Each structure stands twice: as structure tokens, then as C-alpha cells.
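Comments concern the structure below.
As the structure lists them, so they are numbered: ligands from 1, and atoms in each ligand from 1. From a predicted model like this one, the values you see are computed outputs, not experimental measurements. If you read the sequence from its start, that first residue is 1, and numbering goes on from there.
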Amino acid sequence: MRIISSKFIFPGHTLTMLMLLHFMLSASCPTDYIDTCRIKSSCKNGLVVEISINTCDGSCLKNVNFSSFPSLKKLFIVKSELEGNILHQIGLLQNLTHLDLWQNYIKGTFLISFTNLTQLKHLYVYDNNFSGTFPLSFANLTQLEYLNLSHNNFTGSFVVSFNNLTRLEYLDLSSNNFIGTFPVSLTNLTRLTYLDLSANYLSGTIPSRLGSLKNLERLILSQNQLTGPVPPSFGYMINLTLLDLSTNLLNGSIPKEICNLKKLKTLNLANNRLDGPIPSVLGLLTHLEFLNFGMNNISGSIPIEITYLESLQRLDLNHNLLSGNCHPEFGQWRLDYLDFSSNLLSGNVYFHDPCSFSHLDLSDNHFTGIPMLTFCNGLFHLDLSCNNFILEGFNFSKFPHLSYFNSNTTFEERHRSNKNIIILEILFPMIVGLCFIILGYVIYCHKKVTIEKRQPEIKKHGDVYSILNYDGRIACEDFINATENFDLKYCIGRGGYGSVYKAKLPNGTPFTLKKLHRFEAKQPAFDKSFKNEIQVLTHLRHKSIVKLYGFCLHDKYNFLVYEYMENGSLFCALSDTEFVVMLDWKTRVKIIKQVAHALAYMHHDYIQPVIHRDISSKNILLNSKMEGFVADFGVAKVLDPNSFNQSVVVGTLGYIAPELAYSITMTEKCDVYSFGVLALETIGGKHPGDLLMSLNSSNGHGAMLESILDKRIPYPNDRLIEKEILRVYDIALTCIHINPKSRPTMRHISQELSK
Ligand SMILES: *[C@@H]1O[C@H](CO)[C@@H](O)[C@H](O)[C@H]1NC(C)=O
Ligand SMILES: *[C@@H]1O[C@H](CO)[C@@H](O)[C@H](O)[C@H]1NC(C)=O
Ligand SMILES: *[C@@H]1O[C@H](CO)[C@@H](O)[C@H](O)[C@H]1NC(C)=O
Ligand SMILES: *[C@@H]1O[C@H](CO)[C@@H](O)[C@H](O)[C@H]1NC(C)=O
Ligand SMILES: *[C@@H]1O[C@H](CO)[C@@H](O)[C@H](O)[C@H]1NC(C)=O
Ligand SMILES: *[C@@H]1O[C@H](CO)[C@@H](O)[C@H](O)[C@H]1NC(C)=O
Ligand SMILES: *[C@@H]1O[C@H](CO)[C@@H](O)[C@H](O)[C@H]1NC(C)=O
Ligand SMILES: *[C@@H]1O[C@H](CO)[C@@H](O)[C@H](O)[C@H]1NC(C)=O
Ligand SMILES: *[C@@H]1O[C@H](CO)[C@@H](O)[C@H](O)[C@H]1NC(C)=O
Ligand SMILES: *[C@@H]1O[C@H](CO)[C@@H](O)[C@H](O)[C@H]1NC(C)=O
Ligand SMILES: *[C@@H]1O[C@H](CO)[C@@H](O)[C@H](O)[C@H]1NC(C)=O
Ligand SMILES: *[C@@H]1O[C@H](CO)[C@@H](O)[C@H](O)[C@H]1NC(C)=O
């Protein structure tokens, strides 16, 4: 049991109090469990004033009596599966100023009485499952500045008056089941800078008085059932940077007063019933980066003033009644995301720099001309379907239903008489809640071919295969058909999380497909993290990481489609007595280096650290040149640097870092351990198995190395290679150190191996 105390003063009383906490905690928990639990406390004048408990097993807290620490000012119990019934003790801690109980997934009613907690400034109880109405005594919290109740199951209308909470600055009540009309008493909270009531069941109109909250910087009322107009009084909230009223039942036109909100960066009014034109004064909002008026009944033409929005990155006007020609000035646009789909727009559209887009959707309009026929690397989504384009310079003159799909140089045309053709590549669809998601797949037959040397071959193979489809089911079906509904004869491997298949599409394009087991997909929160991880992984770009071309997410099946790897997995290569001779020492060292570089990139050079969590020889694939690629990111995790990262233990037995047996906190050092095992396996020809334990404790390596090397190929006769193998071996030993902190980082390993 560790008590890490930041501001330690050690008079006798303090020590007694801390020992008391220690005792209370250990009374119901095995010591080794408590070791993984992060407990911090601090004292002042011999009194415990702060206790912070993070990532503990809630049952360890059963015996803790918080009323034994009456001087507590700050109490944080987070991510600890706290049980609701100890909450009532907290109501006695009169001096409490900060109370954090987030992410405990506590069920039931909120048992804390606030009657005596009059000093409370900061109350964060988000991510629980509290139900029932919020306690009335809450109205006594006159000192409260920060309140976050989001992601709970609180119900009822706001009978509590906010009138006494005059100091409130941050108020987040989002993602609950609050009902009734908009709580008018909120409009008295003039200090509010942040107000989020989204994802509730609020109805009625938005009170015009809300506009008097002039300090508001972010206002989010999306996903309710609010009716009536967008109040023109919003024009007074001049400090607003974010205004999100999307997914309500608001009607009327967009008020011109909105043009006063000069600091606005995000304006989202999508999915309402707004009509009338887009006010031209919108052009004054020069800081606007994100503008979404999609899915309304907005009519008229798109005002030219909209091109004045120099900071704009995303413009979404889809599904409205916008008509008329696009101004030639639109051609100057350099946006990242533009969606004009499903309107009545006509004439020509020109884009001076089409390569500035990653997403361009002009589908389902009456456009007639588009001279933009060069394709760019960055353009991930292009949909021009259902228009009347007359193409310049092509042998086709008119295709009423045309799609271009770009994968840097290729385009395809499709005739589909009565369907919208939606072509997606890497872009992740914005519409959450879609049952399945389609991605187009592009599979290069030959990668990394130098244009000069292999020109004829590129031509022969057409360079790029596009698998284009029109809706998700068909796209997914194509792969299912190609594997004959995941017939065993196509299965080339099985892991803990899925089976790997190798097959060819009807046009001959080979692909590798990994089907996830269903239980993973059934886990709550899996869907979200799956999407998130896929989104990141589609953007991982490293020459030793297998490219993920796409995935299919469906009730019945979840699978990922990867670049095809001719020589299968390293595991198979090492197990095949004939094939193994291809894996000479030089090749093996090369593969180890390639894996090290890929992992170093993931851990250290990508925007967010990504841990693979399942490095094993089965997940290292070999191409035709026997180059190693890290594959299979089905369970990879993006580390959030601002939180503790925990999850169920995943991975392949024999490669899982030992600390994961008693801790649920993930760090990238788990990958380092697996890498160490992999390196030993690669030079040894088989998994080191029980040797791991003895290797871990041994110091001298000379004799050990000789005994571990794969005997199916001759002992290295080249001094240089021998030295490299020795280096790999030494590094591998440091990687499998029991203590994660003693393992080197992948960056260090990657640099060492490059020497
Ligand atoms: C908690 O401690 C207080 C005094 O500090 C005591 O009155 C109360 O009975 C204790 N509660 C439990 C459940 O032990
Ligand atoms: C609560 O705070 C007040 C003022 O700082 C102090 O006088 C009082 O002793 C504290 N109460 C406890 C139980 O420590
Ligand atoms: C509030 O404090 C008073 C006096 O200290 C005590 O009698 C009462 O039970 C407390 N109320 C709650 C809800 O804890
Ligand atoms: C709340 O409970 C429901 C049903 O048990 C569950 O689906 C949901 O994930 C829970 N939410 C949180 C934040 O724990
Ligand atoms: C605190 O809240 C209770 C219950 O709502 C109420 O009866 C009491 O008057 C309030 N006390 C103060 C000081 O506002
Ligand atoms: C409230 O908590 C949620 C997490 O559920 C977080 O996303 C949000 O930013 C928090 N709001 C404030 C105002 O801190
Ligand atoms: C959430 O509240 C609703 C009633 O509003 C209730 O039916 C449901 O069981 C609650 N869910 C949880 C997980 O408490
Ligand atoms: C809270 O507001 C009510 C009226 O809504 C008032 O009677 C009460 O005194 C206020 N309490 C505090 C502590 O200001
Ligand atoms: C706002 O506060 C004033 C007094 O401070 C009060 O008279 C008024 O009723 C309050 N407004 C609302 C909507 O609660
Ligand atoms: C807007 O923000 C600025 C700077 O944060 C602040 O000085 C000013 O008082 C705010 N304006 C209003 C009307 O609250
Ligand atoms: C908005 O909808 C309400 C009914 O919900 C209707 O009474 C009102 O006339 C509508 N306003 C406009 C401007 O369409
Ligand atoms: C297409 O992409 C490849 C590699 O991604 C690149 O080498 C090539 O230059 C690109 N071609 C064009 C025309 O952009």
C-alpha cells in the first residue's frame, strides 16, 4: 500500500490519520491490489485536508468512513467503481470545497445532502449512472463555481431554482434525461461562461433572456426538443466562440443579429426546421471555422459574403433548398470540408485549388460543369453523383449519375440509374448512429515501386484497383462473397480477437481480411472506441505498418481489410521448416528493426501515442521482399495523455507484459515487453517460453545467446551480423524486464538498432 503524500507534514496526529486511512483501505482488500490503486493525501496542521483516490477497486473503499476526516477540503474518488451507499457520509464534510466523483458508474439516486456543504465550489459527478431528480438541497450551494453532472441518468424537470447559485461559471448538465421547459432561472447566472444542456429532453422555446448572459463563451443546447426561433437576443452574447443548437425543432429564419458574435468559431444550427435565406451579414464572422446549417429548409442562393470567411475550414449546407448558381469566387475556396449535397444548386462550380479539400460533396444538385479533374492525395471523399455534369476534355460528354473516386491518380465512372452513389475512402462519416459504415477500398497491387524502373508493370496492373460501392451493405457483401461467407478454406489464422482471411475480389485484387469475434463488438463503449481507433489508424502512416484499407461494421460482422501481404505472418514463416531458410540472419535482424521503427513511430511520433497491445509473431506480416509489417490493430489503443488508461487485458498469451496480471493501467511499456519476446522469438526461431523467466534473471549472455539461436539455419559466420544479433539479444533482454519502468522506450530501441 502506497500513500504518496505531496505536502507531507508529519506530526503525530497526521500520521495517525494517514494510518487510519491505510487501515480502512487494507481492511477489505488484498495488498497487491491496493498497490495498483493511486492514493494520495495531504495534510495541513495535522489534519487531513485532501484525499485523492484514483483507479481503485470500489470494494476497497467499503470500510472507509469519510466522516472520520471532518477537515477535508478536497475529496477526489474517481474511476473507482465506488458504491453509492457510502455517499451519505460525504454530506457531513462541512469544509469541503472540491468534490470529484466522476467515472464511478454509480447507480441509483444521489444520496449526498448538500445542506451542510455550503463551501462547495467545485462539484464534478459526470460519467455515473445517477438517476432520479437532483437533490433540492443543491440550491444551497451559493459558492458553487463549477458543476458537471453530464452523462448521468438524472430525470425530472428543473424544479430546483438556480437563483442562489450566482457564482456558477461552468455548468454542464448534458447527456441526462432532464425534461420540461428550459430552466429560466439559469438566465440569472450572469457569470456563466460555459453552458451545456445538450442531449436531454428539454422542450418549449429558448428564453430570450438567455441573451443577457454576456459572459457566455460556449453555449450548447443541441439534441433536445426545443421549438420556436433562434432568439435574436443571442446577438448580445458577444463573447461566444461556440454556439451549437443543432438537432432540435427550431423554426423561423436565422437571425441577422448573429453577425454580432464576432468571436464565433463554431456555429452549428444543423438538423432543425429553419427556413429563409442565409443572411449575408454572416460574412462578418471572420473567425468562423466551422459552419453547419445542414438539414434545414434554408432557401435562396448562397451569399457571396460567405467567401469572406477566411478562417472557415468546414462548411456544411447539405439537405436544404438552396438554389441558383455558385459564384465564381467560390473557386478561391481553400476549405478542408465542403458539403453542398442535396440542394437545388445549378451552373458550374470551379475550384481553383481542389487539393485543399479532404472532403468534397456536391452530390444531388443540378450542377452542370466542373473542370476539376486533377486528383489529389489529400482528397479522401469526393462525391459528385446525381448531377448534370458536362465534362470538359473527356470522351464522355454527359453522365447524369457520375462519381469520381480518387486515389491520387485514378478515377472511375459509374452508371447507376436510380441510386445515389456515395464513394468514401478513408474519411470517417460524420453521422453517428449509422449502423454500418462504408469505406471504399483501394488496393495497390504493387507498393513502393519506383516509377522509373517499374513503369511497364504499373501499366499492366493498372496501378490501382478501386473497389467502389454504392451503399455499405454491398461493399461489405463483396468481401463476404469473396470469402464465401468466411469459409474456413480462406482462413489463414486465428487469434484471440478474430480470424484472418485471405481472398481475392472478383476483379482479382487480393486482400487480407480480419474478422473480429462478436464478443468484442458486443462490449459497451466498444463501438465508440472502435470507431475512434479505426479513425486514427487509418491515418497512421509508416512504411512498416500494414495499411488498413477499410472496415465494415455491422450487426452480424465486424471486419477490417488490410493491404495484402504475400508471405503471411512471421509466425507461420518461422514454423515452416522449408520456408524458414528464407529467413536468414540478415532478414531477421531487418524485420526486428522494422518492427522497432514502426512501434517507435506509434508511441512517440504520432499525434497521440498509440499502443498496439497485441504484438506477437502472428501479427507481424511479411511482404514479397520479406519485409516486416506491424499488422492487426484490432485492439490497439490511443492513449489519452490526460487520463489514466485502463482496460481489460488483451493480447496474446506469452507476449503479455507481466504487470498486466495485476494492473489494468496500460502504458506503451506493454508493447516494449511484447517486442522483447518477439525479438527473442525471431532470432530463436520459436517462442522463448519458459526461458523467459531465466533470461529475465540472468546477467551473462554469451553462452545463453548461443543456446537460444535458431539451429535450423547456420550460426552467423559474418562478424558484423553476429554483432547485430548480439545487440538485438541485449536489447530484447532489457525489454522483458519485470519492472516496466526499467524497460527502454521504443524510441531508444529504434535508435540503438539503427547504430
Ligand atoms: C463514521 O465515523 C463517525 C465518527 O467519525 C461515526 O459517528 C459513524 O458512526 C461512523 N460510521 C460508520 C458507518 O462507521
Ligand atoms: C473548517 O474550516 C474552518 C475555517 O477554516 C475551521 O475553523 C474549522 O476548524 C474547520 N472544521 C474542521 C472540522 O476542521
Ligand atoms: C448538517 O449539520 C448539522 C449540524 O452539524 C447536523 O445536525 C445535520 O445532521 C447535518 N445534515 C446533514 C444532511 O448531514
Ligand atoms: C448506465 O447504465 C446503463 C444500463 O445499465 C448502461 O447502458 C450505461 O452504459 C451506463 N452508463 C454509465 C455512464 O455507466
Ligand atoms: C438548504 O436546502 C434545504 C432543502 O432544500 C432548505 O430547506 C434550506 O432552507 C436550505 N438552507 C439554506 C441556508 O438555504
Ligand atoms: C463535463 O464532463 C464531461 C465528461 O463527461 C466533459 O466532456 C466536459 O468537458 C465537462 N464539462 C466541463 C464544463 O468541464
Ligand atoms: C434511467 O432512468 C430511467 C427513468 O428515467 C429508468 O427507466 C432507467 O432504468 C434508468 N437507467 C439506469 C441505468 O439507472
Ligand atoms: C436561496 O433562495 C431562496 C429563494 O429562492 C431563499 O429563500 C434562500 O434564502 C436562499 N438561500 C441562500 C443561502 O441564499
Ligand atoms: C432573477 O433574480 C431576480 C432577483 O435577483 C428575481 O427577482 C427573478 O425572479 C429571477 N429571475 C428568474 C427567471 O428566476
Ligand atoms: C468578453 O471577454 C473579455 C476577455 O475575456 C472580457 O474582458 C470581457 O469583459 C467580456 N465581455 C463581456 C461582455 O463579458
Ligand atoms: C414555429 O413553429 C410553431 C409551432 O411549433 C408555430 O406556431 C410557429 O408559427 C412557427 N414559426 C415560424 C416562424 O414558422
Ligand atoms: C500517388 O501516391 C504515391 C504514393 O502514395 C506517390 O508516390 C505518387 O507521387 C502519387 N501520384 C500523384 C500523381 O500524386
Side-chain angles (χ1 to χ4, degrees), residues 7 9 11-14 16-18 20-21 41-51 64-75 84-99 101 109-123 125 130 132-144 160 164 180-182 201-208 221 224-234 245-258 269-279 293 295-300 320-321:
K7 300 155 220 153
I9 308 170
H13 187 50
T14 304
T16 322
M17 294 309 283
L18 289 175
L20 181 63
L21 179 59
S41 57
S42 65
C43 311
K44 204 173 175 186
N45 302 329
L47 299 167
V48 180
V49 293
E50 181 175 340
I51 295 179
V64 181
N65 182 349
F66 288 101
S67 42
S68 305
F69 308 101
S71 307
L72 272 183
K73 288 194 161 127
K74 297 183 179 179
L75 178 59
N85 52 13
I86 74 160
L87 291 180
H88 65 272
Q89 301 170 5
I90 293 172
L92 298 168
L93 305 174
Q94 305 200 5
N95 280 3
L96 218 52
T97 60
H98 286 65
L99 178 59
L101 298 172
T109 48
F110 193 75
L111 292 172
I112 301 177
S113 162
F114 293 114
T115 314
N116 288 339
L117 302 187
T118 50
Q119 306 301 310
L120 212 56
K121 282 186 180 157
H122 173 116
L123 176 61
V125 298
F130 288 122
T133 53
F134 204 64
L136 282 173
S137 56
F138 160 75
N140 287 342
L141 300 179
T142 53
Q143 304 298 311
L144 205 61
V160 180
N164 286 348
T181 54
F182 194 97
Y201 298 96
L202 300 179
S203 52
T205 56
I206 303 175
S208 182
L221 306 177
N224 279 290
Q225 292 159 4
L226 298 166
T227 53
V230 176
S233 63
F234 276 15
L245 307 178
S246 62
T247 315
N248 277 292
L249 305 167
L250 302 174
N251 64 1
S253 53
I254 301 167
K256 292 185 179 60
E257 289 76 2
I258 255 177
L269 304 179
N271 201 11
N272 278 292
R273 296 172 178 175
L274 300 171
D275 53 26
I278 297 176
F293 289 160
M295 295 192 274
N296 279 293
N297 300 320
I298 297 169
S299 54
N320 277 294
L321 304 168

Study note, to complete from the structure: In ligand 3, the atoms that come under 4.0 Å of a heavy atom of Leu92 are 14 (O)
Practice item. Name all residues meeting the ring pair (Phe, Tyr, Trp, His ring centres under 6.0 Å) criterion together with His122; count only those two or more places apart in sequence or in a different chain, and write none if there are none. Key: His98, Tyr124, Tyr146
Point to revise | Asn95, any N or O under 3.5 Å of ligand 2 N or O | key: yes
Review point. Can you name the residues that form a side chain to side chain contact (heavy atoms under 4.5 Å, CB included) with Asn95, not counting sequence neighbours?
Key: none
Check your understanding: Checking side-chain contact (heavy atoms from CB on, under 4.5 Å) against Leu117, which of Thr97, Ile112, Leu123, Leu144 comes through?
Key -> Ile112
**Study point:** Which of the ligand 3 atoms, numbered from 1, are nearer than 4.0 Å to a heavy atom of Ser113
**Key:** 13 (C)
Exercise for review: Give the atoms of ligand 2, by number and element, whose distance to some non-hydrogen atom of Ser71 is under 4.0 Å.
Suggested key: 12 (C), 13 (C), 14 (O)
Review point. For Phe66, does its backbone N or O pair with a side-chain atom of Gln89 as donor and acceptor, under 3.5 Å?
Key: yes
Review point. So is there a nitrogen or oxygen of Gln94 less than 3.5 Å from a nitrogen or oxygen in ligand 3?
Key: yes
Review point. Between Phe293 and Ile278, what is the shortest heavy-atom contact and its length?
Key: CE1-CG2, 4.0 Å
Check your understanding: Do the side chain of Asn140 and the main chain of Phe138 share a donor and acceptor less than 3.5 angstrom apart?
Key -> no
Point to revise | Any side-chain heavy-atom pair of Leu245 and Leu226 under 4.5 Å | key: no
Exercise for review: Can you tell me which residues line ligand 11 if we count any heavy atom under 4.0 angstrom from one of its atoms, in chain and number order?
Suggested key: Asn251, Gly252
Check your understanding: What are the atoms of ligand 3, with element, lying closer than 4.0 Å to any heavy atom of Gly91?
Key -> 14 (O)
**Study point:** Residues forming a ring pair (Phe, Tyr, Trp, His ring centres under 6.0 Å) with Phe110, sequence neighbours excluded
**Key:** Phe114, Phe130, Phe134
Point to revise | Side-chain heavy atoms of Val64 within contact of Ile51, under 4.5 Å | key: no
